[in-house]
Amino acid sequence: MKDISTSSYRNSRNVAYPRKRPSPSGISKAHKTPALGSLMAPRKSPFSAKAALLQQRRRDAQIAALRRQGVLLEDEYREDIRFYMHEMERYTMSSSQSMDQQPEIRWHMRPCLVDFLVEIHFAFRLRPETLYLTLNIVDRYVSRRIVYIKHYQLVGCAALWIAAKFEDAKDRVPTICRETYDESAFIQMEGHVLATIQWTLGHPTAEAWLRLMCCDPFHVSRFLMEITLFYREFIKYPPSSIALGALTLARFLCGKPRQEYSEIVELLDNRLAKRVNDLSETLVKKYSYAFYSKAATVVVQYYLQGGRYVRQQIIPFPVTPTRSSVSGASTPMSSTTSLSDFSDDFPLTPTSPSSFSSDPFSGSFSSEDDKENLPTTFEPVLNKQRIEVPPEHYLPHEFVAYRRPALPQPQWLSSSDAVA
């Protein structure tokens, strides 16, 4: 008799642990068909798989370190991003020639406005990009619109408000100049500025280029870049050139290997060497804190001591020395001398000492046996070419005089002699 308990136990075990997964379409297969990808992809060894895993982890760690520093950049799009930034900086450049035509605003007023904006930017702890974008908006607006002196500070405050909304968080947008200007005038100036620059705010700042050039930007280079915001001669240069020049000079001041030389380095070096005492007190005080590694102290002390930028000396490649083909005192050349004697592939003919003279009666060392320095009548044959024997009627008389075998005389020549 069949045991019911045993059969029920087996059936329940088969239900709980099926031997193979049921197909969702209702068709059971004896074996699982491998996917196409598994057939195409080669199998990796344990060593190569571990190396690929370590490489991926290292790359993820580098990207995480960049993101902690605020750099959100992928390697795959690096060249595309760089190309777009170059295109946008050309599109968002201001014109210093147009700013020269302002009826009331002069260039000596610019440091006062920039000093005011730097102080507000530092007080509200805004991002570094906000300050550069603010000055770019001001320059683009002044390049296209006539601005009077009474509205110059209002334009700067409105530009800082716009840049803070674009770059910083909403809770950090400053409320400035509310006591000096009416709220309606402030909002009206903001709309007028945005309409003038056509709402184009994606300006690649010098800070953005500095982050792209190095992962850990120096505070010295940031201090040098903010110096360029005060003066007219730096407006015509794009932010990428300013960032590269400031980084080059900063690496030189810190004693690190620097990059190529540029005009920005020369302009900064000349201004700091001649007018280091005329720098903005607000800017120097800002970068004198330990948070900025006392960058202003490093730069100001270097130029107060009379230091200047020194360009890297390019070491020239060694030049192969060339030797002269004919020396001052040499032995007479024989008739076997050829062009190969003057080539660098063959050694030169041995030379006689300079104490010997070619005149046999001028020195005490001359004698009859000394035939080496006697004048010779041989002329060097430099071109040894194979001379083919021409026909007899083209041969000269000297050739026959050397008793060379002559060709048989043709018949037409003998008949002409007979007729003559």
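For the single chain, residues carry numbers from 1 onward in sequence order.
Both tests pass for Arg125 against the ring of Phe122: distance under 6.0 Å to the centre and angle within 45° of the axis. Relative to the ring axis of Tyr292, Arg222 does not place its NZ or CZ within 45° and under 6.0 Å from the centre.
The two atoms that bring Ser240 and Glu89 nearest to each other are OG-OE2, 3.0 Å, heavy atoms only. Closest heavy-atom contact between Arg140 and Thr92: CD-O, 3.4 Å. Between Ser143 and Ser98, the shortest heavy-atom contact is O-CB, 3.4 Å. Across Met225 and Ala243, no two heavy atoms sit closer than the pair SD-CA, 3.8 Å. For the pair Val138 and Gly156, the tightest heavy-atom approach, listed with the atom from each and the gap, is CG2-CA, 3.9 Å. Among all heavy-atom pairs drawn from Ala246 and Leu224, the shortest one is O-CD1, 3.6 Å.
Side-chain N or O atoms of Tyr302 include one that pairs as donor or acceptor with a backbone N or O of Arg308 at under 3.5 Å. At distances below 3.5 Å, not a single donor-acceptor pair connects side-chain atoms of Glu167 with backbone N or O atoms of Thr130. Between the side chain of Glu129 and the main chain of Ala208, no donor-acceptor pair closer than 3.5 Å is present. Formation of a donor-acceptor pair under 3.5 Å by the Gln102 side chain with backbone atoms of Val147 is found in this model.
At a cut-off of 3.5 Å, with distance as the only test, a side-chain donor of Thr196 or Arg145 sits close to an acceptor on the other residue. With 3.5 Å as the limit, one finds a donor-acceptor pair spanning the side chains of Tyr141 and His192.
For Glu190, the CD atom is densely surrounded, since the number of other residues' heavy atoms within 6.0 Å is greater than 12. Shown here is Gln188, whose CD atom has no more than 12 heavy atoms of other residues, nucleotides or ligands within 6.0 Å. Few gaps surround CZ on Arg232; more than 12 heavy atoms of other groups in view lie less than 6.0 Å from it. The local environment of NZ in Lys294 is sparse, with at most 12 non-hydrogen atoms from other residues, nucleotides or ligands closer than 6.0 Å. Within a 6.0 Å sphere centred on CD1 of Ile187, other residues, nucleotides and ligands contribute more than 12 heavy atoms.
Between the CD1 atom of Ile264 and the OH atom of Tyr237 there is a distance of 5.0 Å, given to the nearest 0.5 Å. Summarising the geometry, atom CZ belonging to Arg211 is positioned 8.5 Å from atom OG1 belonging to Thr205; distances are rounded to the nearest 0.5 Å. In this structure, OH in Tyr309 is found 11.0 Å from CD in Glu266, a value given to the nearest 0.5 Å. To the nearest 0.5 angstrom, Arg106 atom CZ is 9.5 Å from Asp100 atom CG. With rounding to the nearest 0.5 angstrom, the CH2 atom of Trp161 is 4.0 Å from the NZ atom of Lys165. Note that the CG atom of Asn136 and the OG1 atom of Thr200 stand 10.5 Å from one another [nearest 0.5 Å].
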Salt bridge (Lys or Arg N to Asp or Glu O under 4.0 Å) between Arg127 and Glu207, intermediate numbers included: CA-CA 10 Å; Arg127 296 187 62 193; Glu207 178 68 23; over 6 Å; no
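Taking the six-membered ring where tryptophan is involved, the planes of His86 and Trp209 are tilted, since the angle between them lies from 30° to 60°. The aromatic rings of Tyr148 and His151 sit perpendicular, their planes meeting at an angle over 60°, well past the 30° parallel limit.
Residues Ser221 and Leu210 are in side-chain contact: their nearest non-hydrogen atoms beyond the backbone lie under 4.5 Å apart.
A salt bridge does not link Lys236 to Glu263: none of the charged side-chain nitrogens sits closer than 4.0 Å to a carboxylate oxygen.
Remark: of the listed residues Leu247, Thr248, Leu253, Leu247 is the sole one forming a side-chain contact (heavy atoms from CB on, under 4.5 Å) with Arg251.
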